[in-house]
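For reference, the structure discussed in these notes is given below.
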Amino acid sequence: MNTTTTLTANMKLYYDKLLLDNLYPEMRFYQAASKKSLPVREGRSIVWTRYRRMPARVTPLVEGVVPSVTALSSDNISATLHQYGDFTRVSDLLSLTAIDPVLESATKELAEAGALTIDTVIRNVLDANTNVRRVAGKALSAMVPTDVLTGAEVRTAVRMLKAQDVRPHSGGDYLGIIHPNCSFDLQGDSAAGGWVNANTYISNLNILNGEVGKIHGVRFVESTNVSSTTGSGATVVFRNHIMGRDAFAAVPFDGTTGEARIYVKNPGEQDTSNPIDQFSTVGYKATFASAILDPNRDVVLQAATA
């Protein structure tokens, strides 16, 4: 008997034309940044200036006597523009023979990769902040899987911000960027109390992309692009962030949105690098900078997950 096994060359493979999506993290860091664009022909560096706080002067003035002068002082924070990008080539034969529209698929994937690049660069800047709080105040090397994020730890982070006079974001709440695993632990903390799901807010707050809820004056958005490190043994410890207003900045070049621009180059008569039109290219490029404006305004809240 002839079967599909013995006559495999005669069997046509069924191809489902519904493309399978790749799984990309939700990008949340850029939306939390203070934005300031850098115009063209103004150099590669951008500088922010912050005046230092003037002290309270509680000694009464002496009648008729001019008081001593108090000088202003300031600090500068700077960032340098860098370019990030990537591209791929698609041969003409592949474009003509593939079942899928390869150039369209490549454009989609590179757009996602460009957004992830920007989000990750900003995240790495924030992760370098030394204003760190770990669950129960432990050393990183001592953290174990039971050192999960709790409502008490969120309250502690808020206390750290308030103790430094850090202002909340508009609406009166601080912002937390949190890994879904830590969000799961926080929402399951029966002792915390007060968790409010984003879809049940009573006030007219504009819900942020990825916002899941709030507790103890912190509105949380989830992202798997929150980085992790290792505690005791193989314990995974996530670097969540709880921040106030103007904690960090992202600087898109020339007033752009900060998102990567996509470039699709098809063969052309003047393209000497592609003399016989054998390929097209798809790529992205982003020019931007990011910097921590005040380390006290962001708490790197490190927590494990069970």
Side-chain angles (χ1 to χ4, degrees), residues 22-50 74-88 106-131 166-167 169-170 174-179 206 208-211 221-228 239-265 281-300:
N22 280 327
L23 300 178
Y24 286 95
E26 296 290 347
M27 276 64 84
R28 305 304 183 203
F29 287 94
Y30 184 79
Q31 71 172 339
S34 299
K35 316 293 194 307
K36 183 176 183 179
S37 62
L38 181 64
V40 296
R41 291 186 292 276
E42 291 292 338
R44 286 186 57 188
S45 297
I46 185 167
V47 176
W48 296 266
T49 299
R50 177 185 295 112
S74 62
D75 296 307
N76 288 336
I77 303 98
S78 63
T80 302
L81 285 173
H82 293 284
Q83 288 188 324
Y84 304 88
D86 198 3
F87 79 101
T88 189
T107 300
K108 177 183 177 182
E109 296 302 323
L110 283 162
E112 292 278 8
L116 180 58
T117 295
I118 292 172
D119 204 60
T120 303
V121 170
I122 296 172
R123 181 205 70 191
N124 291 345
V125 169
L126 282 173
D127 285 350
N129 193 4
T130 57
N131 190 27
V166 176
R167 301 291 193 270
H169 288 264
S170 58
Y174 296 102
L175 175 64
I177 302 177
I178 186 174
H179 193 277
N206 293 322
L208 302 168
N209 290 334
E211 185 169 357
V221 297
E222 289 181 344
S223 175
T224 56
N225 201 32
V226 169
S227 69
S228 65
R239 300 183 183 97
N240 305 290
H241 292 268
I242 296 181
M243 63 189 71
R245 186 193 314 166
D246 295 331
F248 70 104
V251 185
F253 181 59
D254 192 27
T256 61
T257 63
E259 299 173 354
R261 178 180 171 185
I262 295 294
Y263 299 84
V264 179
K265 300 293 182 71
T281 61
V282 182
Y284 72 86
K285 184 174 66 176
T287 305
F288 77 104
S290 184
I292 296 175
L293 299 180
D294 186 345
N296 291 321
R297 302 188 190 199
D298 172 52
V299 177
V300 187

- Do side-chain atoms of Asp127 reach the backbone of Ser227 as a donor and acceptor pair under 3.5 angstrom? no

- Counting N and O atoms only, with roles assigned by atom type, does the side chain of Arg44 sit under 3.5 Å from a partner on the main chain of Leu81, one being a donor and the other an acceptor? yes

- Is Tyr174 reaching over with its side chain to a backbone N or O of Val166, donor-acceptor style, under 3.5 angstrom? yes

- Short side-chain to backbone donor-acceptor contact, Arg297 and Arg245, under 3.5 Å: yes

- Message: I'd like to check His179 versus Thr224 (side-chain heavy atoms, cut-off strictly below 4.5 Å). Are they in contact?
- Response: yes

- Query: Using the ring of each side chain (for Trp, its six-membered ring), is His241 parallel, tilted or perpendicular to Phe29, with breaks at 30° and 60°?
  - Reply: perpendicular

- Gap separating the CD1 atom of Ile177 from the CE atom of Met243, nearest 0.5 angstrom: 4.0 Å

- Task: Decide side-chain contact (heavy atoms from CB on, under 4.5 Å) for Ile118 and Phe288; before the verdict, give the C-alpha distance in whole Å, the side-chain angles of both, and the deciding distance to 0.1 Å.
- Result: CA-CA 8 Å; Ile118 292 172; Phe288 77 104; 3.7 Å; yes

- Note on the structure: Rounded to the nearest 0.5 angstrom, the CD1-CG distance for Ile292 and Asp246 is 13.5 Å

- Kindly say whether Val299 contributes a backbone atom to a donor-acceptor pair with the side chain of Asn129 at under 3.5 angstrom? no

- Note on the structure: OH (Tyr84) and OG1 (Thr287) are apart, to the nearest 0.5 Å, by 10.0 Å

- Message: Looking at Thr88, is its backbone amide N or carbonyl O close enough to the side chain of Thr281 to form a donor-acceptor pair, meaning the two atoms are under 3.5 Å apart?
- Response: no

- How long is the span from the OG atom in Ser290 to the CG atom in Asp119, to the nearest 0.5 Å? 10.0 Å

- Message: For Gly244, is there any backbone N or O sitting under 3.5 Å from a side-chain donor or acceptor partner on His169?
- Response: yes

- So which heavy atom on Ile77 is nearest to which on Ala291, and how close? CG2-CB, 4.4 Å

- Value for CD (Glu211) from CG (Leu175), rounded to nearest 0.5 Å, stands at 8.0 Å

- Give a yes or no on whether Arg50 atom CZ has more than 12 heavy-atom contacts from other residues, nucleotides or ligands under 6.0 Å away. yes

- Task: Determine whether Asp298 and Asn131 make a side-chain contact, defined as any pair of heavy atoms from C-beta on separated by less than 4.5 Å.
- Result: no

- Please report the C-alpha distance between Ile178 and Val226 in whole Å, then the side-chain angles of each, then the deciding distance to 0.1 Å, and finally whether the side-chain contact (heavy atoms from CB on, under 4.5 Å) criterion is met. CA-CA 7 Å; Ile178 186 174; Val226 169; 5.7 Å; no

- Message: Looking at Leu208, is its backbone amide N or carbonyl O close enough to the side chain of Gln31 to form a donor-acceptor pair, meaning the two atoms are under 3.5 Å apart?
- Response: no

- What's the spacing between Leu126 CG and Ile122 CD1 if we round to 0.5 Å? 8.0 Å

- Note on the structure: In terms of heavy-atom contacts, Thr49 and Ser74 come closest through CG2-CB, 3.9 Å

- Can any side-chain N or O of Arg123 pair as donor or acceptor with the backbone N or O of Asn225 at less than 3.5 Å? yes

- Distance-minimising heavy-atom pair for Ala113 and Tyr284: O-OH, 4.0 Å

- Message: When you compare the side chain of Trp48 with that of Val251, does any pair of heavy atoms fall below 4.5 Å?
- Response: yes

